[in-house]
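Convention: sequence-line order gives letters A, B, ...; per-chain numbering from 1. We use all heavy atoms of the structure for the numbers below, so side chains are in, but hydrogens, waters and symmetry mates are not.
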Number of protein chains: 2
Amino acid sequence: MKRDSRLSGVLHVLLHMAQQPGPFTSETLAKAMTTNPVVIRRIMAGLRDLGYVRSEKGHGGGWRLACDLSKVTLRDVYMALGSPSLLAMGNRTEAPGCLVEQAVNAALDQAFRDAEALLLSRLGEVTLAMLGEDLRKRLGSRKIHDISAHRA
Amino acid sequence: MKRDSRLSGVLHVLLHMAQQPGPFTSETLAKAMTTNPVVIRRIMAGLRDLGYVRSEKGHGGGWRLACDLSKVTLRDVYMALGSPSLLAMGNRTEAPGCLVEQAVNAALDQAFRDAEALLLSRLGEVTLAMLGEDLRKRLGSRKIHDISAHRA
DNA sequence: GTTTCATGTAACGTCATATGTTACATGATA
DNA sequence: TATCATGTAACATATGACGTTACATGAAAC
């Protein structure tokens, strides 16, 4: 099955936004992501609803960060996307009458729940500010990364 | 994305097979799973290649267990399916030139790897024999569950 | 006020993948 | 030799992410 890359994508956008004052139009962001402005609006909609970013129409409009980056975790961003399913696998039938399948489901569910919990926990440990710090180290001597000079 | 239920399905089949001597035709198993015989052959192919089950053609043919159930774990079965991806999410670009995306990927990859490792580890802790034990408890006083009396 | 710019969103099209189905070849048994 | 069962290719279907077009809404510039 195709892998969902919305979390990866939206984090990429947010981190770029944290490097420059903004605002950023969906078109600018889309170019940097090699995608379509509508896709940007789509993945940003949830973050806007939760107040992590703001959007404005018209001249000089676009997207701006509207949160404390040290208070928002990757888990928060994930939830802003609507908490899409984390695992690519699942049970054939959720509430089977067959006892055999119930036994199988019980074993798998336990493993699935543990893995999901760990993943959410890990995402909850990382703030956007920490991502920005890591980026600064990677940039090293280089100057601020301008989004207009974006290379995939 | 649609969730992959092959592991759930093939375990269901194996556990049913462990309750009766067999052999079982793909058609019998398919009826119990409310699916198509070809689907059964498809998910069983990998297990046959690894020697966990055997198949025979012609009259009296079908599928038989061919392994020590206490030695085969859910992880082994998962790998027999070809180790399909466990996570529904992934990075937008695997080897990005953009440092911002590299920073994002690094953070996500760490979380993803941990979750996958935990899931594989959990699957590796459960043997088919343990599943059978759990099933026996669920059956309680009831007699062996006949696959022909299967209800979803 | 009209034009221009930007978001908001519906409505498609596209692509990948799991799953379902048909068809037919292969091999084993009666 | 007929029947049964697997092996597999080929095609159909369903779902969901992603891409694209079209148009409405609202804000700023002129």
**OP:** Identify whether any heavy atom of Arg48(A) sits under 4.0 Å from a base atom; if not, whether one sits that close to sugar-phosphate; answer base, sugar-phosphate or nothing.
**Re:** sugar-phosphate

**OP:** Kindly say if Arg3(B) contacts the phosphate of dT17(C), meaning a side-chain N or O under 4.0 Å from OP1 or OP2.
**Re:** no

Original post:
For Thr35(B) and Gly61(A), take the nucleotide of DNA chain C holding the closest heavy atom to each; which residue's nucleotide lies nearer the 5' end?
Top reply: Gly61(A)

Original post:
For Ser55(A) and dA6(C), is the shortest distance between a side-chain N/O and OP1 or OP2 below 4.0 Å?
Top reply: no

Original post:
If you check the Asp4(B) side chain, which of dA17(D), dT19(C), dT20(D) turns out closest?
Top reply: dT19(C)

**OP:** Check the distance between dT8(D)'s C1' and Asn36(B)'s CG and give it to me in whole angstrom.
**Re:** 13 Å

**OP:** Measure from CG on Leu47(B) to P on dT6(D) and round the result to the nearest Å.
**Re:** 15 Å

**OP:** Could you tell me the separation between the CD1 atom of Ile43(A) and the C1' atom of dG8(C), rounded to a whole number of Å?
**Re:** 15 Å

Subject >> Which residues share a side chain to side chain contact (heavy atoms under 4.5 Å, CB included) with Val126(A), sequence neighbours left out >> reply: Leu74(A), Met130(A), Leu131(A)

**OP:** Would you indicate, yes or no, if dT6(D) has its OP1 or OP2 atom less than 4.0 angstrom from a side-chain nitrogen or oxygen of Ser26(B)?
**Re:** yes

Subject >> Residues clustered with Leu118(B), ILVMFWY side-chain links under 4.5 angstrom >> reply: Leu118(A)

**OP:** Could you tell me the separation between the CG atom of Asn91(A) and the CG atom of Asn105(A), rounded to the nearest 0.5 Å?
**Re:** 3.5 Å

**OP:** Would you list the pairs meeting salt bridge (charged side-chain N to carboxylate O under 4.0 Å, His left out) in which at least one residue belongs to residues 57-73 of chain A, sequence neighbours left out?
**Re:** Asp68(A)-Lys71(A)

Subject >> Where protein sits on nucleotides 22-30 of chain D, one letter per nucleotide: B base, S sugar-phosphate only, - none, heavy atoms under 4.0 Å >> reply: ---BBBBS-

Subject >> Qualifying side chain to side chain donor-acceptor pair (under 3.5 Å) pairs, either residue in residues 112-123 of chain B, two or more places apart >> reply: Asp114(A)-Arg122(B), Arg122(A)-Asp114(B), Gln110(B)-Asp114(B)

Original post:
Would one find a side-chain N or O of Ser5(A) under 4.0 angstrom from OP1 or OP2 of dC18(D)?
Top reply: yes

Original post:
dG16(D) C1' sits how many Å from Leu81(A) CG, rounded?
Top reply: 15 Å

**OP:** Find the distance Trp63(A):CH2 to dA6(C):C1' and express it as a whole number of Å.
**Re:** 11 Å

Original post:
Per the atom types in the model, does the base of dG19(D) pair as donor or acceptor with the side chain of Arg42(A) at under 3.5 Å?
Top reply: yes

Original post:
For Glu56(B), which residues count as a salt bridge (charged side-chain N to carboxylate O under 4.0 Å, His left out) partner, sequence neighbours excluded?
Top reply: none

Original post:
Nearest-Å distance, CD (Glu27(A)) to P (dT21(D))?
Top reply: 13 Å

Subject >> Distance, rounded to the nearest Å, where Ile40(A) contributes CD1 and dT20(D) contributes P >> reply: 12 Å

Original post:
What is the distance from CG of Leu7(B) to C1' of dT19(C), rounded to the nearest Å?
Top reply: 16 Å

Original post:
Near Arg54(A) CZ, under 6.0 Å, is it more than 12 heavy atoms from other residues, nucleotides or ligands?
Top reply: no

**OP:** Using a strict cut-off of less than 4.0 Å between a Lys/Arg side-chain nitrogen and an Asp/Glu carboxylate oxygen, indicate whether Glu27(B) and Lys31(B) qualify as a salt bridge.
**Re:** yes

**OP:** Using a cut-off of strictly less than 4.0 Å, decide whether Arg6(B) has a side-chain nitrogen or oxygen near OP1 or OP2 of dT19(C).
**Re:** yes

Subject >> Nucleotide nearest Thr25(B) (side chain, heavy atoms from C-beta), chosen from dG8(C), dA5(D), dG20(C) >> reply: dA5(D)

